[in-house]
There are 4 protein chains.
Amino acid sequence: MTDDPDTDTDALVERVRDGDLRLHELDDHADADAAATARRRLVESDADVDLETVGAYGFPAERADANIENMIGAAQVPMGVAGPVTIHGGAVDGERYLPMATTEGALLASVNRGCSVVDAAGGATARVTKSGMTRAPVFRVADVAEAEALVEWVRGNEGRLREAAEATTSHGELTAVTPYVVGDSVFLRFRYDTKDAMGMNMATIATRAAAETVERATTASLVALSGNLCTDKKPAAINAVEGRGRSVTADVLIPREVVEERLHTTPEAIAEVNTRKNHVGSAKAGSLGFNAHVANVVAAMFLATGQDAAQVVEGSNAITTAESRDGGLYVSVSLASLEVGTVGGGTKLPTQGEGLDVLGVAGGGDPPGANADALAECIAVGALAGELSLLAALGSRHLSSAHESLGR
Amino acid sequence: MTDDPDTDTDALVERVRDGDLRLHELDDHADADAAATARRRLVESDADVDLETVGAYGFPAERADANIENMIGAAQVPMGVAGPVTIHGGAVDGERYLPMATTEGALLASVNRGCSVVDAAGGATARVTKSGMTRAPVFRVADVAEAEALVEWVRGNEGRLREAAEATTSHGELTAVTPYVVGDSVFLRFRYDTKDAMGMNMATIATRAAAETVERATTASLVALSGNLCTDKKPAAINAVEGRGRSVTADVLIPREVVEERLHTTPEAIAEVNTRKNHVGSAKAGSLGFNAHVANVVAAMFLATGQDAAQVVEGSNAITTAESRDGGLYVSVSLASLEVGTVGGGTKLPTQGEGLDVLGVAGGGDPPGANADALAECIAVGALAGELSLLAALGSRHLSSAHESLGR
Amino acid sequence: MTDDPDTDTDALVERVRDGDLRLHELDDHADADAAATARRRLVESDADVDLETVGAYGFPAERADANIENMIGAAQVPMGVAGPVTIHGGAVDGERYLPMATTEGALLASVNRGCSVVDAAGGATARVTKSGMTRAPVFRVADVAEAEALVEWVRGNEGRLREAAEATTSHGELTAVTPYVVGDSVFLRFRYDTKDAMGMNMATIATRAAAETVERATTASLVALSGNLCTDKKPAAINAVEGRGRSVTADVLIPREVVEERLHTTPEAIAEVNTRKNHVGSAKAGSLGFNAHVANVVAAMFLATGQDAAQVVEGSNAITTAESRDGGLYVSVSLASLEVGTVGGGTKLPTQGEGLDVLGVAGGGDPPGANADALAECIAVGALAGELSLLAALGSRHLSSAHESLGR
Amino acid sequence: MTDDPDTDTDALVERVRDGDLRLHELDDHADADAAATARRRLVESDADVDLETVGAYGFPAERADANIENMIGAAQVPMGVAGPVTIHGGAVDGERYLPMATTEGALLASVNRGCSVVDAAGGATARVTKSGMTRAPVFRVADVAEAEALVEWVRGNEGRLREAAEATTSHGELTAVTPYVVGDSVFLRFRYDTKDAMGMNMATIATRAAAETVERATTASLVALSGNLCTDKKPAAINAVEGRGRSVTADVLIPREVVEERLHTTPEAIAEVNTRKNHVGSAKAGSLGFNAHVANVVAAMFLATGQDAAQVVEGSNAITTAESRDGGLYVSVSLASLEVGTVGGGTKLPTQGEGLDVLGVAGGGDPPGANADALAECIAVGALAGELSLLAALGSRHLSSAHESLGR
């Protein structure tokens, strides 16, 4: 490298133009920032665009080494906070600001309103009721007789599979292996306790070792390390039913006067909207999501805390309930498959790490897993606030409509 | 405002502490950047954290006025490019770099490899085959006799509904209204051509007007402007079947030698992985996504171009096919419900606007809708490249495994 | 034939044993009853069983010529009646006994109890809100560009397709053709008004003609006349969402005292059971059926009236709602895809024809379609009665439980 | 009773007309046949119909006492046989005629053709790979904290629940209890080994006892003994994924010449039809059934052997695979949730018992469960034959079409 970064970059750009280097090889010939600059210039020139703000990122590019290739800069997504909101969780207790990054106007205001109502009711309760990251390789066997034999072998050799899997990880524990047979394809769904890591990588590596054990001991051949029964980043009933990552629920009981004064509607109106929209409407739509807009909160908090944005898909498998109870309003939201971590992945990126800090859940928890549990509970409460606010907005419209209809 | 920004911010922080102002009211008393700074300081102090990089955003905060409330800064998500890749689309033709923002290491490299294989095969074909943004309010009626009457009224008064809906928008067109009856709930699914806008807001406003027309002319009462048959931000079969936003397909026919030399596997091995994983595995999982990792590409390109991250949910409703054909490999990916826009929402944010520029699709298209179609086609080709690359990675493992098994 | 039936049968049995005839060829050499007898004897001897009651069927075997091959006799399924119940339908008005054939003890008693409650409330309302039998062939095209061209051709040539399809039928009308693209597969979902016929055969024959028109006019090749987007005899969201056969709803408003005195529970308890079981439970199960046991009534009335027993699958796509209203209980059941006919198929068999007679809906209706509509409404009311009765049974248990719990 | 049955019946009819007796009380005042006759006459007169053939049932009515109430006679469904076909099963080995009762012309011929092809290939292999009948009550708790406590209690007290459940049954075994939390509803899915019984009643009774144990030991209140996570008689992903009753697969490898000579098509053509129709088409339809017409065979064999016709719904959760292998054709069908029994329910009815005899599986098996396993394997092979035959019919059309297209 020369001392003159511009000269250096110019030279790199030239070498790519000459076909001497490819875009992704730039990292081998310059530091991360210079490589990003060179790539940005090439794209700017080739596509005739100006990438000034993309280039105006606020951290050393090498901090993103494990998160991206062919980097040219960063997308900047506006971040704000809702709350603070009081959470009575299994792993978090007290007031928390909820960091959210979004481009959808009104979302944060809506969640914020929900938080203030939850707080007026004394806070929300939250619990992780199931936990485990899954990976499900698919094997080919000769026929169904061999499939049956493989299933029996697996049932009799869980210990051996656990040993192989856990040898690859210092933290992870294999908690279950469930076989599924479809013709000459056998799927084995491995479930792990991955502590504070979201755990997809850990599960994949451990499963590879277990799959090799299967191949050595049986006649089965591995076709794909992921056979889609995992299921990662696709809407799938198996996740909605059995869970993946954290299954987490948050709920709150709100006095009638709080509903009426702050939300300008009634418990009954909110319950009706929830039934017709979230239950009947979703049923008729053939949906796996019986909620109003949980994905909005999941996406915004995922972006603010370095989670995998593609896993918003599974995060949307949520059921909201609302009923009038003891004169007040009981509302709950249950997310079946919220895949979160506080170590690894995008959590170490500078702005995302600060997002986790706002919640007080960055890094490994004590005991291990406690921070990821706490993050799940915070997101569930955010989702609860969002549901409450949107249902109330629809319900109050409904009231005014009902009011008008009296006059006609 | 004083000339001294720090003094100014200190004063604002103090007023919030004193209960004189609330967090979200700061925007009324300071410019957007000062308000964000004040909020950031309050959160830093309350939560005992350092938000330095969150505060190091590279654009005037007022540019995000329409995108967020309670702003404290920005999340910075690493952005890179894959390609360039040649696209033979209905609305885009030629080479394009694909901008992607992600925190998942190896994703961009994988898509990049897929792009190079697509290019070696002469590029990918892409087409939008269906288009339309939907909103489905739910109405309450007295009983099923009244439900039937409402359905008949709607079928006989589409013109009136169109008139009411289109009076609210200069661009949007109402293309269909479909009624669904469940007991005393009647859902009307309105479908709009929203041109280059993703169109959720446009559709909501137009549907409100149409719903008021329904209420005035019939005995039905609106319960919720969105009755979840839309379906927005939830996994739902209605979107996978009937589409929402753009239904877009990309495909490519790759010569066998390209598959063997660049992907180190065979068309047959890739087809087998696709069948057992994407078809049989997804079928067994009760999934609406018959693909490997389309959501990864959708999420990364959504973040890079200012789309709504929560709509990654619907973006994952995709089916991948792969078959050996004429000695080569035919691969396709069909996204049923890709909700994209090139105007409005997050598209005007600085880094996101530059992301759109990289694809040459920022702003309104000519004819209207052409830019959003082009964006959909670019994302579909990115998804195709991602599918190809991951299936090949799994398939080549499979080959090496088969090879090893010969020796045992 | 000889005059001695036994001699005749013996000879036939012998010829099959000698390999001179095959089982299914017996019909060419004897009348239907003698062929059935010969087959029965062969099976009795080969499998060492006694088929006396199977052979004791009460109608001439030739009456079943169009309904079965290789006949050996008949399965006799106990048939009873529930009701009478008062129905205020669009196509049926007045009291009806509901014929049901079942082997499940307590089912008929349960529906009967429901009917008496419905009657005490003044009867049930019922309406068919959508109608149409579908068939969806799948075509292969070269690539997505050709897929787009095919879709456009179809949209521009519905008249031609209608002409081809309707030339094959005297009654049927083609009402819609909807294209769906997945890679190089294009599905065209044809929807027909098949009047009083269930219509699967009519739709298949008409669609074959339309598909030939498509093949002649375009580059598409027909791969299968049914491409599973129909969807026949599989659980499928497309039917639950868009309907197939009849979409029919029945509902009733029951005074509180009737609920309390006859069902020994309260409107509130029934509503709670319905919410937690039929809505929340089904949501969590990833179900397309949000009801308690609609399939029981559909199956029993299908068997009693000569409908296709395999279409019970689609008949189970039903949503039940229950709410406390004006002090009483409102209950509804909406069956999305009830495939019924009063002509053709099993409707002409002797016992089944009598089953239709009990409802007064045998044969073609006036206007055409009215009898099949009436049958759908009768089944919907039977389903409503069954739902009401089972929900009440669960709800009253719940009350007694609640009562006990006060004492502990 | 008098000696004159007609007089006796006349008197009963009169008493019902006078309001002295209700229809369902007739059984208390006459033997089963006389009661049925009286009811039939009343319906004949009230509905102005002739129920002669309904009354011509061929068994003593008291044999149906446990299967129906308000009996008026029987529906007679034509029964035939397909095969014989050779089955290499886990619980059945050798040639079997398959009894089928249906009203759908051509179905039996189609399955018969499939059986002959399977036999020409040396027979089909079949295995039950998972087994268990489920019942899932739903409990109400105060909030999610209590829900978590209940889940923990259940996990720590499986022994106690097993003891309570198994005290109610001489054969059944409780094999698992799985909790699911949605807000303040907790579902416990109990899974039982019910041996040769389909097991729904056994599971319900045992679960009632276990649920009472839960209520006594915790704060939870039972809301409904069935909470729809069972899932009985509704299409539900939980059954397709986790199985209910028997999960059973049948497969066969057919030499190319057999495919070509007997089915007039090729392995490749059949595989293509299977992919585009059963995989891609079903995927696009949002289906849980990835097969051609498995429900047809399930329904016909259920009717012929006294199974519950409403459980055809779950029987249709099947995946068919087909691929060209070693020059031949490999075909498999996997039914996830086939609920069958050879004791109890309709299996003791005369014609249905004879149907079971044809398969050699009537009554309890040795070891217990073996007969129900065998029945499941026979149905799976019938389904395989049906799939093969229909796919071939579509595939050969396709070939002829391809042939024609060469000439145009």
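Given the structure is predicted, the values throughout are model-derived calculations rather than measurements. Here is the naming used below: chain letters follow the sequence lines, and residue numbers restart at 1 for every chain.
With sequence neighbours excluded, the residues satisfying salt bridge (Lys or Arg N to Asp or Glu O under 4.0 Å) with B:Arg276 are A:Asp184, B:Glu272, D:Glu323. The salt bridge (Lys or Arg N to Asp or Glu O under 4.0 Å) test applied to A:Glu104 returns B:Lys233, not counting sequence neighbours.
If you tally non-hydrogen atom pairs under 4.5 Å between each of A:Asp308, A:Thr231, A:Asp48, A:Val138 and chain B, the highest count goes to A:Asp308.
Here the side chain of B:Lys234 pairs no donor or acceptor atom with the backbone of A:Ser287 at under 3.5 angstrom. Between the side chain of A:Asp357 and the backbone N or O of B:Val49 there is no donor-acceptor pair closer than 3.5 Å. Between the side chain of B:Lys277 and the backbone N or O of A:Ser226 there is at least one donor-acceptor pair closer than 3.5 Å.
Contact between A:Ala47 and B:Val358 at its shortest, heavy atoms only, is CB-O, 3.9 Å. Listed here is the closest heavy atom pair of A:Pro78 and B:Ala64: CG-CB, 3.7 Å. For the residue pair B:Pro235 and A:Asn317, the shortest heavy atom distance occurs at CG-OD1, 3.5 Å. Here the closest non-hydrogen pair linking A:Ala224 and B:Val273 is CB-CG1, 4.1 Å.
The contact between A:Asn112 and chain B is made entirely by side chain atoms (from C-beta outward), counting heavy-atom distances below 4.5 Å. For A:Tyr57, the parts lying near chain B are the backbone and the side chain together; criterion is any non-hydrogen pair under 4.5 Å.
For the residue pair B:Ser282 and A:Asn228, a side-chain donor N or O sits within less than 3.5 Å of a side-chain acceptor on the partner. No side-chain donor from either of B:Gln76 and A:Thr351 sits under 3.5 Å from a side-chain acceptor of the other.
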